Structure formats: C-alpha cells, structure tokens
*Asks:* 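Right, I'll just put the structure down here and ask away after.
A quick note: this is a predicted structure, and the numbers were derived from the prediction, not measured. Residue numbers start at 1 and run along the sequence shown.
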Amino acid sequence: VGHTPNEHISIIPNGIADMAVGFDRAYRDSSECLNLLFVGSVIRAKGIFFILDALQRVVQAGYTVKLYIAGACNDTMRKEITERYASLPIVMLGTVSYEELNHYYRTCDVGIIGSLFEQNSYVAIEMCMFSMPIIASSAEGLDEMFVHEENALKVPVTFDRLAGLTLDIESMKSHIIRLIETPDLRLHLSHAARKLYTTHYTLDKMIERTYEVYSHIVNS
C-alpha cells in the first residue's frame, strides 16, 4: 500500500517458548471419541458457528466427537450455543489459565481454528508446539502459516455478497471425518505440525531474527 520496496521490509514471525519439551502425544484408536479443541474468544469472527455446524453434520453422519471450547464467552453467546446445539457434546471451559490450557493441548486429539481473518496466530503456534493435528481456515494469516495436506487441513474461506465471509462447512466436515477414519493422517499432521513449530516459531528463532534485523540496520 505504501509502495515500500521489498528490500526495506523484514518480517519476524511470532515465536514462543517451548512448553512441550519431552511431550509424546498419545494416538488413540480411531473408533474412540475424537476430542477437538477450539481456543480463542467465542465470537462469530472466530468461526465458532461454522465449526459447530460442521460438527453437527459429523454427528449426524454417525461419528462420535466432542468439542472443548476454551476462551471468554459472554452469557448471550453461551446461551445461543447451548440452545442451538443442545444435541452436540460440547464442553464450555471459559477462560482458563495457560497451565490448564496446556493440559487440553496435550489431551485433545485435534485442534480446530475457524477464524474468518487472522494474524500469525499464537493459538496455531501453540497447537503446533504440542504436535496437534490441525484443521484451520484459509484466512490470510493462517493460509501463510500452513500448507494444505502437508502440515494442516485447510478449509476454504469464501465471500458472498449477501452473507459476507463464510467457511466451507462441508469441507470442514469432510476434514474431521478424514481424521477420524485415517489414523495415519493424524500421525503425519501431528509430526508435521511439531516440525513447523521447531523450524519457524520458537522463541529462539524470533530472537535470532529480531537481532539480525537490528544488526542490519546498525551496520547499514
């Protein structure tokens, strides 16, 4: 927008300290309930209703899933979710401490992100850090982080003149079912997510890149 030459732009991705050192993910049998984890403010822009609609279709298709929702949720939104999706197994955790959140990163099977727009998401980085297989929307920031089928399953974000930005619910449903039916895919995405974190999003990487940028400025 500002017509700044590319050589004058440096991008430093977010990085966080590794809280999953020595953690080995337990890969449960595909016949068991698949536990999914949503983390973030429970608002429409985070795609929560698209996720719930997709899960409703998964349950209607005969599969067993449970959704854990960690994040601030006002009373109006909580009431709407519990009334509209009364038949879904949902655990509303509310706002939790980072230590408690890490417990759910360790114990849930799949991370799911439905944001309609997003930055270099800390939630996505944390899910990668804990080697979670991830289903993520193709919102711009997330789209830059992940490669479809390589280290996540991506759900298209589309624009409709009447409805605005929407997620492809059928695509999200299909991704969830694939992860239920294909343990090898869960294993592949889990390992790939952890590799993505260790390669690009550690705290040491962020410090290193920041140092390089300031060193270049000082020496130029």
Side-chain angles (χ1 to χ4, degrees), residues 13-40 46-47 51 54-55 58 63-71 91 93 96-115 118-139 141-155 171-172 174-209:
N14 291 332
I16 55 177
D18 193 351
M19 303 298 291
V21 176
F23 169 65
D24 290 319
R25 176 162 293 282
Y27 298 97
R28 303 185 309 141
D29 188 88
S30 58
S31 63
E32 297 180 44
C33 174
L34 188 78
N35 294 315
L36 297 103
L37 177 65
F38 168 94
V39 178
K46 293 293 184 180
I51 292 170
L55 283 174
V58 170
Y63 297 92
T64 305
V65 295
K66 180 182 286 187
L67 177 65
Y68 291 82
I69 300 175
V91 180
L93 299 169
V96 298
S97 68
Y98 189 54
E99 290 74 19
E100 189 176 352
L101 180 59
N102 287 345
H103 164 76
Y104 289 102
Y105 282 138
R106 291 187 181 96
T107 55
C108 289
D109 304 304
V110 172
I112 190 159
I113 308 171
S115 302
E118 193 57 83
Q119 55 159 338
N120 184 199
S121 166
Y122 273 112
V123 168
I125 295 172
E126 288 165 355
M127 288 179 174
C128 287
M129 181 171 67
F130 283 99
S131 59
M132 296 191 83
I134 296 168
I135 298 171
S137 71
S138 63
L142 297 167
D143 201 35
E144 293 173 3
M145 291 181 68
F146 296 114
V147 177
H148 182 56
E149 301 274 353
E150 182 176 310
N151 47 35
L153 298 180
K154 293 202 287 192
V155 179
S171 173
M172 181 175 279
S174 298
H175 291 340
I176 295 168
I177 291 174
R178 280 186 68 196
L179 291 179
I180 293 171
E181 294 184 339
T182 319
D184 287 348
L185 178 60
R186 294 207 306 269
L187 182 65
H188 166 76
L189 293 177
S190 170
H191 290 168
R194 176 66 185 177
K195 184 178 179 181
L196 181 64
Y197 165 74
T198 57
T199 304
H200 294 289
Y201 299 113
T202 64
L203 182 61
D204 287 344
K205 287 284 183 185
M206 186 174 70
I207 293 171
E208 178 185 319
R209 288 170 174 143

*Asks:* Just to verify, what does His191 make a ring-ring contact (aromatic ring centres under 6.0 Å, His included) with, not counting sequence neighbours?
*Replies:*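 With sequence neighbours excluded, His191 shows a ring-ring contact (aromatic ring centres under 6.0 Å, His included) to no residue whatsoever.
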
*Asks:* With Val91, which residues qualify under side chain to side chain contact (heavy atoms under 4.5 Å, CB included), at least two apart?
*Replies:*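 Testing Val91 for side chain to side chain contact (heavy atoms under 4.5 Å, CB included), a comparison that skips the adjacent residues, returns Lys66, Tyr68, Leu93.
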
*Asks:* Grab the two heavy atoms, one from Ser190 and one from Ser131, that are nearest each other, plus how far apart they are.
*Replies:*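 Closest approach of Ser190 to Ser131, heavy atoms only: OG-O, 2.6 Å.
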
*Asks:* Sequence neighbours left out, what passes salt bridge (Lys or Arg N to Asp or Glu O under 4.0 Å) with Lys205? Give chain and number order.
*Replies:*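 Result, salt bridge (Lys or Arg N to Asp or Glu O under 4.0 Å) vs Lys205: none returned.
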
*Asks:* What residues, two or more places apart in sequence or in another chain, satisfy salt bridge (Lys or Arg N to Asp or Glu O under 4.0 Å) together with Arg209?
*Replies:*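 Testing Arg209 for salt bridge (Lys or Arg N to Asp or Glu O under 4.0 Å), a comparison that skips the adjacent residues, returns none.
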
*Asks:* Can you list the residues that meet the side chain to side chain donor-acceptor pair (under 3.5 Å) rule with Ser115, with sequence neighbours excluded?
*Replies:*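 Result, side chain to side chain donor-acceptor pair (under 3.5 Å) vs Ser115: Glu118.
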
*Asks:* Output all residues satisfying salt bridge (Lys or Arg N to Asp or Glu O under 4.0 Å) with Arg194, sequence neighbours left out; order by chain, then residue number.
*Replies:*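 Result, salt bridge (Lys or Arg N to Asp or Glu O under 4.0 Å) vs Arg194: Asp18.
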
*Asks:* Going by ring-ring contact (aromatic ring centres under 6.0 Å, His included), name the residues that satisfy it together with Tyr63, two or more places apart in sequence or in a different chain.
*Replies:*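 None.
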
*Asks:* For Ser138, give me all partners under side chain to side chain donor-acceptor pair (under 3.5 Å), at least two apart in sequence or on another chain.
*Replies:*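 Ser138 satisfies side chain to side chain donor-acceptor pair (under 3.5 Å) with no other residue.
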
*Asks:* Which salt bridge (Lys or Arg N to Asp or Glu O under 4.0 Å) pairs, counting each pair once, include a residue from residues 119-138, with sequence neighbours left out?
*Replies:*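 Listed once each, the pairs would be none.
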
*Asks:* Can you list everything that forms a side chain to side chain donor-acceptor pair (under 3.5 Å) with Ser121? Sequence neighbours excluded, please.
*Replies:*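 Testing Ser121 for side chain to side chain donor-acceptor pair (under 3.5 Å), a comparison that skips the adjacent residues, returns none.
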
*Asks:* Quick one: pull up CZ in Phe130 and CZ in Arg106 and give me the separation to the nearest 0.5 Å.
*Replies:*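 Those atoms lie 4.5 Å apart.
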
*Asks:* Which heavy atom in Leu196 sits nearest to a heavy atom in Tyr201, and how many Å separate them?
*Replies:*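 Shortest heavy-atom separation between Leu196 and Tyr201 comes out as O-CD1, 3.7 Å.
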
*Asks:* Apply side chain to side chain donor-acceptor pair (under 3.5 Å) to Glu150 and list each qualifying residue two or more places apart in sequence or on a separate chain.
*Replies:*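 With neighbours one apart ignored, the set is empty.
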
*Asks:* Using the salt bridge (Lys or Arg N to Asp or Glu O under 4.0 Å) criterion, which residues pair with Glu144? Sequence neighbours excluded.
*Replies:*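 Applying salt bridge (Lys or Arg N to Asp or Glu O under 4.0 Å) to Glu144 gives none.
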
